[in-house]
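First up is the structure itself, then whatever we jot down about it.
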Amino acid sequence: MNFPPGHHHVQGVDRRLPFHCIALVLQGGGALGAYQGGVYEALVEANIHPDWVAGISIGAINAAIIAGNPPDARLDRVREFWTQVTSAGPWCTSNPFIDLARSAGARNFFDQVSASFALVCGATGFFSTRTMPPWSQRDGTSEATSFYDTSSLKMTLERLVDFDRLNAGKIRFSAGAVNVRTGNVVYFDNSTHTIMPEHIMASGALPPGFPAIEIDGEHYWDGGLVSNTPLEWLLQSDAPQDMLAFQVDVWSPRGPIPRNMAEVATRQKEIQYSSRTRPSLRQLRRVQQLRRALAALLDRIPEDLSEDEDVKLLRTSSNCHNVYNIVQLTYRAPNNEGSSKDYEFSRVSMQERWRAGYKDALRVLRHPEVFGRPTSPDGVFTFHLDQERRE
């Protein structure tokens with residue numbers, strides 16, 4: 001297959017940047033996750049390799065493949081995953097259908113056919129339809145609580161991810177899921193857990209399509225049910241570190257007013273699954289302001305109080321000198337992509353999404369301020385690709 005330009009050869013030394021941690025933060029979004037592959041390709045070409053990858057759902061799968069492979073194999077393994085789970089279809093090869101399929105008028109029809117095919121048949125190496133409907137199965141079983149079987153995803157992960165390498169911690173890995181019983185968000189992190197395929201599958205177990213995944217007696221669903229953006233997990237880390245984070249979203253928080261029910265369904269998904277990036281950034285700015293104010297006050301504390309236990313506690317909470325560059329890239333779906341775009345697994349759409357991520361990341365990397373330490377009073381710099389706007 002023909003991928004976008006930019007085949008990569010890993011250089012011996014990572015690009016030196018003035019940050020302790022380079023993070024890659026990947027949102028959930030099913031078939032839209034190919035956009036993240038394109039972003040990662042551009043980062044590799046620029047010799048920027050993450051120290052921490054965090055993901056939800058499809059973002060967790062991409063993140064696991066990156067963290068679970070040696071540097072010179074990561075991009076090829078991500079490509080291999082996306083080639084496997086997408087379908088070439090009659091309109092994606094050199095035949096009389098191709099020009100028709102890519103015309104503006106017909107493309108939406110072919111996308112809907114492709115999405116319908118995934119609904120009926122699944123995606124190779126990802127999920128497959130069950131032979132019997134859930135309501136005909138015994139209560140309490142996976143078959144009674146989901147429409148699809150995801151056992152093939154486990155085999156795919158075992159083939160594409162070296163879990164020994166992933167758990168060795170050379171790259172920190174985090175995957176968000178929701179405990180079905182408590183409703184609480186849980187992050188499976190290789191700094192606290194021994195990551196197995198089930199942890200990644202749990203992060204992407206979106207009901208009612210996919211079954212909950214049992215881990216240590218608890219059952220887990222897709223983390224996107226509560227928050228589809230793992231950025232807040234990174235920002236809540238107590239580790240004193242300066243961070244450059246590439247936040248790669250596949251659902252846009254901004255969009256036009258819907259004109260019909262199909263557009264209502266699309267816009268509802270976009271708003272629901274683009275959640276929490278902006279609140280997380282507002283909270284980060286507020287926390288940083290409070291930390292710096294606290295540090296300034298502690299500097300004026302009389303010396304005879306410096307050993308007070310309360311003062312010591314406050315000092316440990318005032319890591320105000322940390323700085324954060326948050327670079328946001330968001331997939332902008334073309335008009336022909338409707339509410340089924342997250343399960344439209346055609347090869348041609350995957351290639352287009354990958355290419356969009358690659359080009360967007362190249363645009364970001366042209367801006368030198370992305371790589372400089374923030375100079376704002378709160379130590380936070382955000383860059384929004386959609387408007388090439390700095391804050």
Side-chain angles (χ1 to χ4, degrees), residues 21 23-30 32-33 36 50 52-64 66-67 142 145-146 150 153 157 166-167 169 171-239 243 245-251 253 268-287 324 326 328 330 342:
C21 177
L24 183 59
V25 186
L26 305 176
Q27 197 178 66
L32 304 180
Q36 298 167 349
W52 191 348
V53 287
I56 299 285
S57 198
I58 197 68
I61 295 175
N62 283 331
I66 293 169
S142 295
T145 55
S146 61
T150 56
L153 176 58
L157 291 169
L166 189 154
N167 286 300
I171 296 179
R172 187 169 176 181
F173 167 82
S174 308
V178 174
N179 186 305
V180 178
R181 183 178 58 83
T182 67
N184 293 330
V185 176
V186 175
Y187 272 89
F188 302 119
D189 193 296
N190 63 356
S191 67
T192 56
H193 296 76
T194 298
I195 303 299
M196 302 298 288
E198 288 78 8
H199 295 96
I200 301 160
M201 295 170 67
S203 181
L206 184 65
F210 297 167
I213 302 299
E214 183 177 358
I215 300 172
D216 296 332
E218 294 284 358
H219 290 76
Y220 297 92
W221 273 335
D222 192 309
L225 291 175
V226 174
S227 175
N228 201 31
T229 303
L231 180 63
E232 58 188 336
W233 172 249
L234 279 72
L235 299 181
Q236 291 171 1
S237 171
D238 293 330
M243 181 181 293
F246 292 92
Q247 165 78 27
V248 189
D249 292 347
V250 294
W251 296 101
Q268 177 188 2
K269 275 190 176 181
E270 289 173 341
I271 293 172
Q272 179 179 358
Y273 291 121
S274 68
S275 62
R276 303 195 68 83
T277 294
R278 287 172 292 176
S280 294
L281 291 176
R282 286 196 296 267
Q283 182 180 12
L284 173 62
R285 289 186 178 279
R286 181 59 175 163
V287 168
Y324 302 86
I326 312 296
Q328 295 177 264
T330 304
D342 54 325

Completion exercise
Sequence neighbours excluded, the answer for salt bridge (charged side-chain N to carboxylate O under 4.0 Å, His left out) partners of Asp249 is none
Practice task
Give, for atom CH2 of Trp52 and atom CG of Leu234, the distance between the pair rounded to the nearest 0.5 Å.
Solution key: 4.0 Å
Problem - Side-chain (Asn62) to main-chain (Gln36) donor-acceptor, under 3.5 angstrom - result: no
Exercise for the section: Could you tell me whether the side chain of Val53 reaches within less than 4.5 Å of the side chain of Leu26, counting heavy atoms only? Expected result: no
Fill in the blank from the handout: Correct closest heavy-atom pair for Pro230 and Ala54 would be CG-O, 3.7 Å
Practice task
Evaluate whether atom CD of Gln268 has more than 12 neighbouring non-hydrogen atoms of other residues, nucleotides or ligands under 6.0 angstrom away.
Solution key: no
Exercise for the section: Could you tell me which non-hydrogen atom of Ala205 sits nearest to which non-hydrogen atom of Tyr220, and how far apart they are? Expected result: CB-O, 3.9 Å
Problem - Point-to-point distance, once rounded to the nearest 0.5 Å, from CG of Leu157 to OG1 of Thr150 - result: 10.0 Å
Handout entry: Val250 vs Ile58, side chain to side chain contact (heavy atoms under 4.5 Å, CB included): CA-CA, chis, key distance, verdict
Key = CA-CA 10 Å; Val250 294; Ile58 197 68; 5.6 Å; no
Exercise for the section: Mind checking the CG-OH spacing from Asp342 to Tyr273? Nearest 0.5 Å is all I need. Expected result: 7.5 Å
Practice task
Using modelled atom types only, decide if a donor and an acceptor are shared between the side chain of Ser174 and the backbone of Asp189 within a distance under 3.5 Å.
Solution key: no
Completion exercise
CD1 of Ile200 to CD1 of Ile213, rounded to nearest 0.5 Å, is 11.5 Å
Practice task
Report the residues that fulfil salt bridge (charged side-chain N to carboxylate O under 4.0 Å, His left out) with Arg286, sequence neighbours left out, ordered by chain and then residue number.
Solution key: none
Practice task
Please assess Val25 against Phe246 for the test side chain to side chain contact (heavy atoms under 4.5 Å, CB included), listing each intermediate value before the final yes or no.
Solution key: CA-CA 6 Å; Val25 186; Phe246 292 92; over 6 Å; no
Fill in the blank from the handout: When every non-hydrogen atom of Phe210 is compared with those of Gly204, the smallest separation belongs to CD1-O, 3.2 Å
Handout entry: Residue list, salt bridge (charged side-chain N to carboxylate O under 4.0 Å, His left out) with Glu218, at least two apart or on another chain
Key = Arg181
Handout entry: For the student: nearest non-hydrogen atoms of Gly28 and Ser57, plus distance
Key = CA-CB, 3.9 Å
Exercise for the section: Using a 4.5 Å cut-off on heavy atoms from C-beta on, say whether the side chain of Val186 contacts that of Phe188. Expected result: yes
Problem - Shortest non-hydrogen contact from Gly176 toward Ser203 - result: O-OG, 2.7 Å
Handout entry: Donor-acceptor contact below 3.5 Å, side chain Trp233 vs main chain Ala175
Key = no
Exercise for the section: Assess whether side chain to side chain contact (heavy atoms under 4.5 Å, CB included) is satisfied between Asp222 and Ile56, documenting all intermediate values. Expected result: CA-CA 7 Å; Asp222 192 309; Ile56 299 285; 3.7 Å; yes
Problem - Spacing of CD belonging to Glu198 relative to CD1 belonging to Ile215, to within rounding of 0.5 Å - result: 6.5 Å
Problem - Gln27 side chain vs Trp251 backbone, donor-acceptor pair below 3.5 Å - result: yes
Handout entry: Spacing of Met243 atom CE and Leu231 atom CG [to the nearest 0.5 Å]
Key = 8.5 Å
Exercise for the section: Test side chain to side chain contact (heavy atoms under 4.5 Å, CB included) on Asn190 and Leu166 and set out the steps. Expected result: CA-CA 7 Å; Asn190 63 356; Leu166 189 154; 4.3 Å; yes
